[in-house]
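Notes to accompany the following structure.
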Amino acid sequence: MNSLNDKYEPVIGLEVHAQMKTASKAFCKCSTNFHAPPNTNVCPVCLGHPGTLPVLNKNLVEYIMRLGIATECDVRERSIFARKNYFYPDLPKGYQISQYDQPICSGGHIELAGRKIGITRIHMEEDSGKSIHDLASDESLVDLNRCGVALIEIVSEPDITTPQEAYDYLMKLKQLVVYLDICDGNMEEGSLRCDANVSVKLKGTGKLGTKCEVKNLNSFRNVYDALEYEIGRQIGMIESGNSVIHQTMTFDARTKKTSPMRSKEEAHDYRYFPEPDLVTVYVDEKWKEKTRSMLPELPQMKAERFKKIYALPDYDADVLTQDRELADYFESVCKHLKGNNSKSASNWIMTEVMRVLNDEKIGIADYWIDPVNIASLINLIADGRISNNIAKEVYTNMLLVKDPSNKQQNPEVIVNEKGLLQVTDSSEIEKIVRKVIEDNPNEAARYKGGETKLLGFFVGKVMKESKGKANPKTVNELLISNLG
Ligand code: ADP
Ligand code: ZN
Ligand code: MG
């Protein structure tokens, strides 16, 4: 397979639908609350009753502009909507309002480590309802709550060359829409949906091969797996003397295989035409500039700032800015640090905090430790009042207190109540040191005979005897003087 991978080169373009976080639908006042009982968020407009007229949700335009500007697209001053006609039970109008030849955003890019992936276009459209086939054995149910919810579609250029790059592109896009606060970015729950177009060509040639489009990719992992399988399948076809047929494929996450859904020959003819019920969307320079000036700090800029202000290495800055809320958490911890210990804060968050997030399968928003308490834990270590090991014990105790306003979550309180403060009083430590030497005469003799690496053995014993509370530096000094 390796030599074949040297011979062929995949070409990938992604079409991503992102559900917007607008409070109401794209063209009517219905709520977008996803927890509402089926078919309660509906009105004559989104049900497609005759005689009703759609009215564009201004926030949809605002949201798509945010992404368009953040990805350096041209934002068209005047764009129009089009009807995309097809019959489907969960689309009562018989057409979807979308944009066709005049999308609002075009010609942008997303930057991946050192590479730019072109964005052909980003346009506005509405979602369809949901058909539910597995609730009853002999009938299908239709829920129209989602019908008319605002979507944007982001179409990439065929610039992506590996499944990994497709994965990275999607992660970056997700990160962007979450930072921009326009979509919750959850692929598993369908708020980001991806169709992957892929073809293969002989390495070094310019002409693109015939592509297939893979649908039903509802996780980042599935996009990766589906592309990997599909690339292998297409290379296999060509190597065995066949040619790739232009068709739509579906992906089965269980078998990790793609299979044909329909061929493009029987594809829909959508008969696009300009939507007569909506006026031209007009965005003037003033609106664009206002949107641009209100953009939040984006991940890349934030990472640069973290490196500069907190003197963090590249790796830390990248990890902490993956998630806007995680970055905010880090900054709140730093605000309460006494000394210049932002690197310790970064370490604590990347290890101890993120471990809990992973174990509990939660985001930082649901992490229950107050950043002030993480800061005071780091301050305790920095002041030499507790050792790193004791700090872990304190942290375990903090985690047991789920309410951040509860005093018992405060490490100062825990340390005092449990008597965990580090012992720095050297006469007290010396007592322990003497006892440990007395209890281990053989090792003491060997140490005196030149086996100085036994120092570690004694340090361990003293620390254990002091229940981890002895100041390690003092322990070392006292052991050396008492053993010597
Ligand atoms: P269609 O008309 O079939 O919808 P488009 O030109 O609109 O095709 O492109 C849809 C997506 O497919 C885009 O993301 C584009 O980058 C990608 N694409 C186009 N041609 C190819 C190709 N030969 N191989 C892989 N992806 C492609
Ligand atoms: Zn409605
Ligand atoms: Mg297309």
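Owing to the predicted nature of the structure, the values given are computational and were not obtained by experimental measurement. Because only heavy atoms are used, hydrogens play no part in the values below, and waters and symmetry mates are left out as well, while side chains stay in. Along the sequence shown, residues carry numbers from 1. Indexing begins at 1, ligand by ligand and atom by atom, following the structure's order.
Ligand-side atoms of ligand 1 in range of Ser199: 22 (C), 23 (N), 24 (N), 25 (C), range being under 4.0 angstrom from any heavy atom. Below 4.0 Å from some heavy atom of Glu157 lie the following atoms of ligand 1, by number and element: 16 (O). Each of the following atoms of ligand 1 lies closer than 4.0 Å to a heavy atom of Ser156: 13 (C), 14 (O), 15 (C), 16 (O). For ligand 1 and Val11, the ligand atoms under 4.0 Å from any heavy atom of the residue are 24 (N), 25 (C). Of all the atoms in ligand 1, the ones that sit under 4.0 Å from a non-hydrogen atom of Gly13 are 14 (O), 16 (O), 17 (C), 26 (N).
Using modelled atom types, one finds no donor on one side chain facing an acceptor on the other under 3.5 Å when comparing Glu213 with Thr248. Judged by distance alone, the side chains of Asn186 and Ser191 never bring a donor and an acceptor atom under 3.5 Å apart. Side-chain contact of Asn197 with Glu15: a donor-acceptor pair under 3.5 Å is present, judged by distance alone.
The six-membered or imidazole ring of Phe81 lies near that of Phe27, with a centre-to-centre distance under 6.0 Å. When ring centroids are compared, Tyr367 and Tyr329 come within the 6.0 Å threshold.
Geometrically, Lys343 does not engage Trp348 in a cation-pi contact defined by less than 6.0 Å to the ring centre and at most 45° from the axis. Under the 6.0 Å distance and 45° angle rule, Lys172 does not count as a cation-pi partner of Tyr169.
Around the Zn ion (ligand 2), the protein contributes the following N, O or S atoms at distances under 2.8 Å: Cys28 SG, Cys30 SG, Cys43 SG, Cys46 SG.
Here's the thing with His246: none of its N/O atoms is less than 3.5 angstrom from an N/O atom of ligand 1. Looking at ligand 1, you'll find an N or O of Asn197 within less than 3.5 Å of one of its N or O atoms. Taking any N or O of Val155, backbone or side chain, none lies under 3.5 Å from an N or O belonging to ligand 1. Distances between N or O atoms of Gly209 and those of ligand 1 include at least one value under 3.5 Å.
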*From CA spacing to verdict: side-chain contact (heavy atoms from CB on, under 4.5 Å), Asn145, Lys130*: CA-CA 8 Å; Asn145 281 352; Lys130 272 184 188 161; over 6 Å; no
*Begin with the C-alpha distance, continue with both residues' side-chain angles, and end with the deciding distance and a verdict on side-chain hydrogen bond (donor to acceptor under 3.5 Å, both in side chains) for Asp168 and Gln164.*
CA-CA 6 Å; Asp168 295 344; Gln164 183 62 47; 3.0 Å; yes
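Put simply, the side chain of Ile369 does not reach to within 4.5 Å of the side chain of Lys402, judged on heavy atoms.
The proximity of Leu14 to ligand 1, defined as any non-hydrogen pair under 4.0 Å, is limited to the backbone. With a heavy-atom cut-off of 4.0 Å, Glu15 touches ligand 1 through its side chain alone.
For the pairing with Tyr179, the side chain to side chain contact (heavy atoms under 4.5 Å, CB included) check across Lys302, Arg66, Glu297 returns one residue only, Lys302.
Using a cut-off of 4.0 Å between Lys/Arg side-chain N and Asp/Glu carboxylate O, Glu275 and Arg83 are scored as salt-bridged.
Across the listed options Arg121, Gln234, Lys211, Lys211 owns the non-hydrogen atom lying nearest to atom 5 (P) of ligand 1.
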